[in-house]
2 protein chains.
Amino acid sequence: MAEVCKVHEEHEEKIAKVKEKLPNDELIVEMANFFDAFGDVTRLKILLALMEEELCTCDLSNITGLSVSAISHQLRVLKDRRIVNYRREGKNVFYRLDDEHIREILKIALKHLGE
Amino acid sequence: MAEVCKVHEEHEEKIAKVKEKLPNDELIVEMANFFDAFGDVTRLKILLALMEEELCTCDLSNITGLSVSAISHQLRVLKDRRIVNYRREGKNVFYRLDDEHIREILKIALKHLGE
DNA sequence: AGAACATTTGCACAATTGCTCAAATGAGAA
DNA sequence: TTCTCATTTGAGCAATTGTGCAAATGTTCT
């Protein structure tokens with residue numbers, strides 16, 4: 001790691017205050033995993049597509065132009081992180097966004113980047 | 001890549017509709033980079049700390065327990081992606097969240113993960 | 001039972017990422 | 001100018017990640 005810079009003494013109070021308000025490490029890790037799920041082009045494409053409607057693995061492969069396998073791998077990540085939900089219907093598995101927060105976050109980002 | 005599954009014919013209309021509504025690739029890449037910035041523990045810690053107040057590189061090194069260099073590398077990522085802003089004051093460089101969307105997104109995620 | 005098709009999973013590998021270290025740059029004080 | 005301290009930058013390296021391939025699993029139909 002590294003040595004502490006000299007301003008540390010001056011900023012000591014401020015630093016202590018911020019440290020205290022910071023969420024605990026476990027929550028931060030969980031939160032990073034949450035965002036990380038949106039931070040890959042393939043997964044994001046999947047999520048944007050699911051904003052429109054429920055879709056199966058094969059549909060998503062079609063839409064993204066990636067192999068079914070690649071999509072399935074990424075769907076697993078999204079499933080594990082509770083960002084998408086799914087239901088089986090016969091041979092197909094249909095995926096959808098897990099809850100309204102997901103849609104909300106996607107919308108804010110779209111607005112932020114000035115769609 | 002891969003072959004198309006047989007449902008394609010049945011779902012053709014649906015797929016075309018979703019494809020049409022999807023943002024263009026450039027925007028999707030930009031958006032993925034945006035989210036990716038939040039998707040790393042170090043960068044997320046930086047952002048959560050900056051929710052409280054403006055802080056310099058050295059403060060952030062202190063708060064996160066990481067080397068000044070590591071923090072600086074990550075600040076560059078956040079700067080490049082327009083997620084933080086900065087101003088120089090003497091020897092120090094103070095960073096702050098770039099705009100209200102950033103704070104809003106962090107708040108929704110905190111709420112979503114049930115803080 | 002078997003065949004057909006959608007999906008998932010494990011493995012392997014290329015590409016990317018985050019960190020440390022050391023050197024460079026910026027800025028104020030002497 | 002030189003000294004000192006905060007910050008940035010580039011190189012190198014270990015660790016992680018995303019994908020395709022091939023095999024396995026799940027489900028329906030005959």
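Below, read A as the first sequence line, B as the second, and so on, with proteins coming before strands; counting in each chain starts at 1. Bear in mind that the values here come from a model prediction, so they are computed numbers and not experimental data.
- Judged by distance alone, the side chain of B/R81 and the main-chain N or O of B/F34 form no donor-acceptor pair under 3.5 Å.
- Residue A/Y95 is in sugar-phosphate contact alone, with no base atom involved, counting any heavy-atom pair closer than 4.0 Å across all strands shown.
- When atom types are taken as modelled, the side chain of B/R88 and the backbone of B/G90 share a donor-acceptor pair closer than 3.5 angstrom.
- Phosphate proximity of C/dA22 to B/S69: absent, as no side-chain N or O sits under 4.0 Å from OP1 or OP2.
- Residue A/S67 has a polar side-chain atom (N or O) positioned under 4.0 Å from OP1 or OP2 of D/dG20.
- The side chain of B/Q74 places an N or O atom within less than 4.0 Å of a non-bridging phosphate oxygen (OP1 or OP2) of C/dC19.
- For the pair B/R103 (side chain) and B/M51 (backbone), a donor-acceptor distance under 3.5 Å is present.
- Residue-level contact check: B/S72 touches the bases, meaning some heavy atom is under 4.0 Å from a base atom.
- For B/N92, a side-chain nitrogen or oxygen approaches OP1 or OP2 of D/dT7 to under 4.0 Å.
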Legend entry - B/E53 and A/K17: CA distance, side-chain angles, deciding distance, salt bridge (charged side-chain N to carboxylate O under 4.0 Å, His left out) verdict: CA-CA 10 Å; B/E53 59 184 300; A/K17 199 192 91 191; 3.0 Å; yes
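- Nearest to the side chain of A/K91, among C/dG10, D/dT8, C/dA6, sits C/dA6.
- In the set D/dT9, D/dC21, C/dT8, the nucleotide with an atom closest to the side chain of A/K79 is C/dT8.
- A close approach under 4.0 Å does occur between a side-chain nitrogen or oxygen of B/R88 and OP1 or OP2 of C/dA27.
- In this structure, the nucleotide among C/dT7, C/dT20, C/dG10 sitting nearest to the side chain of A/V68 is C/dT7.
- The phosphate of D/dT7 (OP1 or OP2) has no side-chain N or O of B/R76 nearer than 4.0 angstrom.
- A sub-4.0 Å separation between OP1 or OP2 of C/dT8 and a side-chain N or O of A/T57 is present.
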